[in-house]
Amino acid sequence: MAENFSFKLTATDGRARRGLVSMPRGEIRTPAFMPVGTGGTVKAMYMDQVRGVGADIILGNTYHLMLRPGAERVARLGGLHDFARWPYPILTDSGGFQVMSLSKLRKLTEQGVTFRSHIDGAPYEMSPERSIEIQGLLDSDIQMQLDECTALPAKPNEIERAMELSLRWAERCKTAFGDQPGKAMFGIVQGGDSAALRVRSAQALKAMDLKGYAVGGLAVGEPQSVMLEMLDITCPELPADKPRYLMGVGTPDDILKSVARGIDMFDCVMPTRAGRHGLAYTRRGKVNLRNARHADDPRPLDEESDCPAARDYSRAYLHHLVRSQEGLGAMLLTWNNLSYYQKLMQDIRAAIEAQAFEARAAEITE
Ligand SMILES: O=c1nc[nH]c2cc3[nH]c(NCCN4CCCCC4)nc3cc12
């Protein structure tokens, strides 16, 4: 019988954790990277390929899907999994961050946020209750609370106001979500770059006994050192037996350093967006296929990769596709980049297990 929702820690290495989230639609091996599928599609990818590179879960966006094609329409068509042909877990962001970064004429009050669509200017309102309702209509497996993410730098009283509002909205989302076995609602820690506010936010959310916790309000322009410092402060305040999700992160280096500080789940548009802009992630660093130096290079991106996009096509061909703005260029580079990110996560998981094994072996042989 598939678990309703469970998180098991299977190994640790310092503060890094290897784990497994089990839900009815499937298991999520952590640390996990979630490809971003904003409008119900991981851009330039077939869902079979997304699964093929090793993704256990993808991210969808409430904001985009409520505007187009509409949450009620997706529900009438059987929910997001049937609509997009992705039968495995989906995590949906709640929309607040996207409203503040994309929409026009937005107004934020205690009740929620009103805004106009960036697509056609139509008026919308999003309350904590409506965000959870929309995520339910999408049949999302992991639903994020509605929150207010403060752009940094910001004044301490502004960060405090948004953090406290987000806590009140977390309570309202918890009430609206109710008890849905097989699904989860995650809280989002806010508090900007303030240690005291981060601790207050994490402790208040922990008291709500939620199924998982995101660290929000980061990757919003602050230096990596500030982001990592906030993780050093926040993660120890969160329950060890619940998943921790760092929203919007990040580069391979961000991910490595965040796993080392206790983060279990990530999402970022970088691998997919970079692929559409001609940029390839490889084990030897990033390669910009727009650059003329690749025009005659017969070598593939990575002859040892098990991803056809990395192994079977010359850099010269990829350069040609990118320069010609051929759709296949975006498709192959996106495929390569998601494969690179999933291989990174696989190597991270193995390294934690190996270190844990060595530590265990050392204990036994002492
Ligand atoms: O505090 C948040 N609450 C809800 N959703 C969020 C999403 C976020 N996404 C990011 N950063 C995205 C950074 N990304 C990096 C690659 C280029 C595009 C922007 N921070 C976030 C914080 C939040």
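The structure presented is a predicted model; accordingly, all values stated were derived computationally and were not measured. Whatever order the structure lists them in is the order used to number ligands and atoms, beginning at 1.
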Self-check item: Polar atom proximity, D93 to ligand 1 (N or O, under 3.5 Å)
Solution: yes
Quiz item: Is any N or O atom of M270, backbone or side chain, closer than 3.5 Å to an N or O atom of ligand 1?
Solution: no
Quiz item: In Å, rounded to the nearest 0.5 Å, how long is the span from CG of L20 to CD1 of I28?
Solution: 8.5 Å
Quiz prompt | Proximal ligand 1 atoms for R273, defined as those under 4.0 Å from one of its heavy atoms | solution = 17 (C), 18 (C)
Self-check item: Residues forming a side chain to side chain contact (heavy atoms under 4.5 Å, CB included) with P300, sequence neighbours excluded
Solution: E303
Quiz prompt | Under 3.5 Å: donor-acceptor pair, side chain of K43, backbone of G37 | solution = no
Exercise. Identify whether the distance between the nearest side-chain nitrogen and carboxylate oxygen of R51 and D56 falls below 4.0 Å.
Key: yes
Practice problem: Could you list which atoms of ligand 1 come closer than 4.0 Å to a heavy atom of G216? | Solution: 1 (O), 2 (C)
Quiz item: In this structure, which one of Y341, Y340, Y245 forms a ring-ring contact (aromatic ring centres under 6.0 Å, His included) with F33?
Solution: Y341
Quiz item: Is atom 12 (C) of ligand 1 less than 4.0 angstrom from some protein heavy atom?
Solution: yes
Quiz prompt | Atoms in ligand 1 with a heavy atom of G248 nearer than 4.0 Å | solution = 9 (N), 10 (C), 11 (N), 12 (C), 13 (C)
Quiz item: atom 19 (C) of ligand 1: which protein heavy atom is closest, and how many Å away?
Solution: V269 CG2, 4.7 Å
Quiz item: Tell me: protein heavy atom nearest atom 20 (N) of ligand 1, and distance?
Solution: L218 O, 2.8 Å
Quiz item: Backbone, side chain, both or neither: what part of M144 comes under 4.0 angstrom of ligand 1, heavy atoms only?
Solution: neither
Quiz item: Considering only the protein, which heavy-atom contact is closest to atom 2 (C) of ligand 1, and what is its distance?
Solution: D147 OD2, 3.5 Å
Practice problem: Please determine, by modelled atom types, if Q135 and T92 share a side-chain donor-acceptor pair under 3.5 angstrom. | Solution: yes
Practice problem: Decide whether the shortest distance between a heavy atom of Q98 and an atom of ligand 1 is less than 4.0 Å. | Solution: no
Quiz item: Looking at residues at least two apart in the chain, or sitting in another chain, which of them share a side chain to side chain contact (heavy atoms under 4.5 Å, CB included) with A204?
Solution: L167
Quiz item: Quick one: does ligand 1 sit under 4.0 Å from the side chain of V249, the backbone, both or neither, non-hydrogen atoms only?
Solution: neither
Exercise. Tell me yes or no: between the side chains of Q224 and D253, is some donor less than 3.5 Å from an acceptor?
Key: yes
Quiz item: Below 4.0 angstrom, N of the basic side chain to O of the carboxylate: do D347 and K343 qualify?
Solution: yes
Self-check item: Which of the ligand 1 atoms, numbered from 1, are nearer than 4.0 Å to a heavy atom of A219
Solution: 10 (C), 11 (N), 12 (C), 13 (C), 20 (N)
Exercise. Please state whether the rings of Y317 and H320 are parallel, tilted or perpendicular, taking 30° and 60° as the class boundaries.
Key: tilted
Practice problem: Return the residue, atom name and 0.1 Å-rounded distance of the protein heavy atom closest to atom 1 (O) of ligand 1. | Solution: G217 N, 2.7 Å
Quiz item: Does any N/O atom on F97 come nearer than 3.5 Å to any N/O atom on ligand 1?
Solution: no
